Amino acid sequence: MHRLGRFAMQKSIESFFGQKRALATKASPAAKKQRIEAPEQVEVKAEPKPVDSKPDASGTLEYGDLTNVFDKIEATTKRLEITKYCSDFFSRVLETHPHLLPQITYLCINRLGPDYEGLELGIGESIIIKALAESTGRTPAQIKKDYNQLGDLGGVAIASKKSQATMFKPKPLTVDIVFKRLVEIAKSSGQQSQSKKVNIIKQLLVSCRGVEAKYLVRSLEGKLRIGLAEKSVLVALSQAFVQHDLRLGRETLAPEAAEDLVKDVFCQMPNYETIIEAAINGGVKHLPEVVKLTPGVPLKPMLAKPTKSITEVLDRFSGEKFTCEYKYDGERAQVHCTASGSMHVYSRNMEDMSQRYPDIIDIIPKIRTPKTVDFILDCEAVAWDTAQHKILPFQVLSTRKRKDVESGDIKVKVHLFVFDILYLNGEPLLTKALSERRQLIADNFNLLADQFSPAVSMTSESIEEIQHFLDQSVKDSCEGLMIKMYEGQESGYEPSKRSRNWLKLKKDYLDGVGDSLDLVVLGAYFGRGKRTNVYGGFLLGAYNPDTEEYETVCKIGTGFSEADLERFHQLLSPLADPKPKSYIDHDPAANQQPDVWFEPKHVWEVLTADLSLSPVYRAGHHELGKGVSLRFPRFIREREDKGPEDSTTSDQLVQFYQRQVSIAD
Ligand SMILES: Nc1ncnc2c1ncn2[C@@H]1O[C@H](COP(=O)(O)OP(=O)(O)OP(=O)(O)O)[C@@H](O)[C@H]1O
Ligand SMILES: [Mg+2]
Ligand SMILES: [Mg+2]
């Protein structure tokens with residue numbers, strides 16, 4: 001019986017790979033198209049199962065109901081369709097199982113909770129492979145081999161399960177169980193945690209039916225890769241809220257207005273649970289009254305647009321009141337203090353850095369005045385020479401320890417330069433003018449020598465004075481200037497937006513494209529000559545949030561010290577793969593394929609002379625037909641504060657390119 005089962009399994013896998021190889025991984029739009037055009041080749045067909053119109057007695061929802069929606073989404077590249085599948089499903093869930101909507105939302109975006117709580121699955125491929133092998137009676141080597149061939153572990157899971165003789169029909173998985181078990185995996189630590197994780201995954205896999213195994217495995221990998229961007233999930237939620245209001249006969253908003261409002265509220269309170277609960281209770285229209293900016297919950301910071309000259313700045317702000325500030329080169333620090341006195345520092349991507357910067361936490365009680373209760377400040381933390389009272393380069397800041405930092409042991413001191421206030425004494429300030437916000441900082445906070453002061457600023461419309469201020473900023477060890485709208489509605493704080501009301505002018509980059517780029521390391525080339533034992537060059541890419549893929553941008557081999565190359569070799573070689581992940585958009589026919597590929601993880605800041613269109617590289621090719629590539633790229637530094645999805649997007653590269661072309665015209 002056992003042998004027979006094994007034989008049958010082998011056979012089915014062969015036929016699976018023999019005929020359907022290209023179809024099992026659906027990441028790229030091209031592959032999706034192929035699948036639509038050749039439906040007869042689709043191996044795994046989901047039987048659409050309607051969601052029960054009434055909650056079952058236990059209030060649970062089958063996981064299969066969700067994975068069926070994933071399957072429909074994966075089969076299309078049309079954004080409207082994707083959003084519709086998603087919002088229809090959310091709307092039905094609101095009707096039948098509203099308490100499950102937060103979990104479902106998190107499963108859709110591959111998260112287990114709000115970003116700022118930092119709960120991550122953190123399981124390596126090898127654990128999934130082990131669990132897959134043990135639960136299907138195959139060896140890890142066989143699974144690995146199939147994986148190399150197919151490029152999608154989710155597809156391998158399905159193929160392996162299909163060929164498995166099951167003795168009994170397991171109870172269906174529910175959304176609730178899957179979510180809880182994923183959280184359990186994320187929270188388990190310590191000696192036994194590896195085997196505990198493998199066991200949980202095995203149990204889940206055994207209960208999977210149909211396409212469930214595919215999406216479960218991809219969720220475990222942390223990448224669903226069905227083209228469902230978080231933006232679309234937010235839009236779908238807003239539409240579902242409107243539907244829900246209508247069903248209850250409540251007053252509601254037009255879909256577009258609801259969409260804008262939900263996005264806006266999410267920027268201020270990036271917590272799906274809070275938003276969903278409030279929308280269920282009071283309707284989408286009243287969200288802003290209930291869900292507000294709150295000290296203790298980080299918000300996505302406002303970002304700036306790059307500019308190449310003072311004249312460009314003057315053109316943009318002509319007729320408006322604007323102000324210039326020093327642009328400090330350190331680390332963004334969002335400083336929170338709640339009414340109960342709890343204090344936090346958050347990074348550019350909302351990570352809690354309070355453990356890393358206990359010295360910043362120590363500053364907080366000293367800068368508040370007797371009338372300052374709760375607040376959120378936006379600052380840059382810069383390395384500081386306390387003897388000379390001077391800014392130290394970013395490189396010095398980056399030598400600070402990242403974990404287990406004790407206030408007493410800190411050698412590299414930091415100075416906080418505050419440039420904005422977003423909340424004060426119970427009141428959000430986002431819509432107030434920058435001039436008023438600056439005044440509130442002056443009125444409610446104490447300066448602290450060598451530790452805390454406002455960003456140096458200057459308000460003038462004269463090109464000479466601005467030029468002088470720019471030169472001065474560089475003499476004072478800054479990168480250049482930030483120029484901001486100062487008065488009126490447009491001078492409000494726009495969380496998460498790269499806004500044209502904040503322009504950056506970086507002295508060193510005025511000759512290039514105006515700014516550096518932050519690109520993801522996708523692959524490497526073996527070194528020759530002096531670089532024989534290290535990688536001699538790397539393939540870099542940009543992120544495309546619409547397709548959730550990484551698009552290749554350029555090869556880079558300049559700007560690295562020998563020590564850099566050695567360190568990167570040590571860091572990256574354990575991650576090396578002979579084949580690229582399926583969600584890397586590259587040209588497989590091009591010469592000069594990298595010798596090894598990596599999972600997109602590390603982000604590097606690079607500089608370029610200019611941008612050009614390339615027949616080989618892919619960034620932005622959906623929009624421009626050809627990809628945008630960098631000429632003479634040079635490595636500057638690692639960006640440890642950016643994850644791969646925070647890297648420069650293909651869209652931004654297209655904008656840089658178009659600006660360059662329009663200036664050349
Ligand atoms: N006066 C200031 N006002 C606003 N931001 C400032 C100021 N001084 C320094 N900064 C820093 O400059 C950053 C914006 O420029 P920078 O190029 O360093 O951004 P980045 O982190 O590389 O992100 P991106 O390139 O994606 O905009 C802000 O995020 C902040 O950390
Ligand atoms: Mg910076
Ligand atoms: Mg930058």
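Both counts, for ligands and for their atoms, begin at 1 and track the order of listing. Numbering of residues begins at 1 and proceeds along the displayed sequence. Worth saying up front: this structure is predicted, and the values here are computed from it rather than measured.
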heavy-atom search around atom 6 (C) of ligand 1 in the protein gives Phe419 CE2, 3.7 Å
Sidechain N-carboxylate O distance under 4.0 Å for Arg631, Asp610 | yes
Closer than 4.0 angstrom, basic N to acidic O: yes or no for Arg498 and Asp651? no
Taking a cutoff of less than 4.0 Å between a non-hydrogen atom of the residue and any ligand atom, is Lys484 in contact with ligand 1? yes
Atom 11 (C) of ligand 1 has as its nearest protein heavy atom Glu380 OE1, 3.1 Å
Atom 12 (O) of ligand 1 has as its nearest protein heavy atom Lys327 NZ, 3.1 Å
Notebook entry, point to check: Is Glu331 in contact with ligand 1, taking contact as a heavy-atom separation below 4.0 Å?
Noted result: no
**Asked** Between Glu259 and Lys263, is there a side-chain N and carboxylate O pair less than 4.0 Å apart?
**Response** yes
Take every heavy atom of Arg639, measure it against each atom of ligand 1, and state whether any distance is under 4.0 Å. yes
ring-ring contact (aromatic ring centres under 6.0 Å, His included) test vs Phe538 passes for just one of Trp604, Phe635, Trp597, Phe598, namely Trp604
Practice problem: Would you please classify the geometry between the Phe417 ring and the His415 ring as parallel, tilted or perpendicular, with 30° and 60° separating the classes? | Solution: parallel
The closest protein heavy-atom partner of atom 19 (O) of ligand 1 is Lys504 NZ, 3.8 Å
Atom 29 (O) of ligand 1 has as its nearest protein heavy atom Arg332 NH1, 2.8 Å
Atom 23 (O) of ligand 1 has as its nearest protein heavy atom Arg348 NH2, 3.0 Å
For Lys506, the ligand 1 atoms with a heavy-atom partner under 4.0 Å come out as 16 (P), 17 (O)
Note: ligand 1 atoms sitting under 4.0 Å from heavy atoms of Arg498 are 24 (P), 26 (O), 27 (O)
- Are there more than 12 heavy atoms of other residues, nucleotides or ligands under 6.0 Å from atom CD of Glu120? no
for atom 8 (N) of ligand 1, nearest protein heavy atom and its distance come out as Tyr328 N, 3.0 Å
*Do NZ/NE/NH1/NH2 and the carboxylate oxygens of Glu351 and Arg356 come within less than 4.0 Å?*
no
Rounded to the nearest 0.5 angstrom, the CZ-CE distance for Arg348 and Met353 is 12.0 Å
| Applying a strict 4.0 Å limit to heavy atoms, is Phe417 in contact with ligand 1? | no
Sorted by chain and number, sequence neighbours left out, side chain to side chain donor-acceptor pair (under 3.5 Å) with Tyr346 holds for none
Near Asp518 (heavy-atom distance under 4.0 Å), the atoms of ligand 1 are 22 (O), 25 (O)
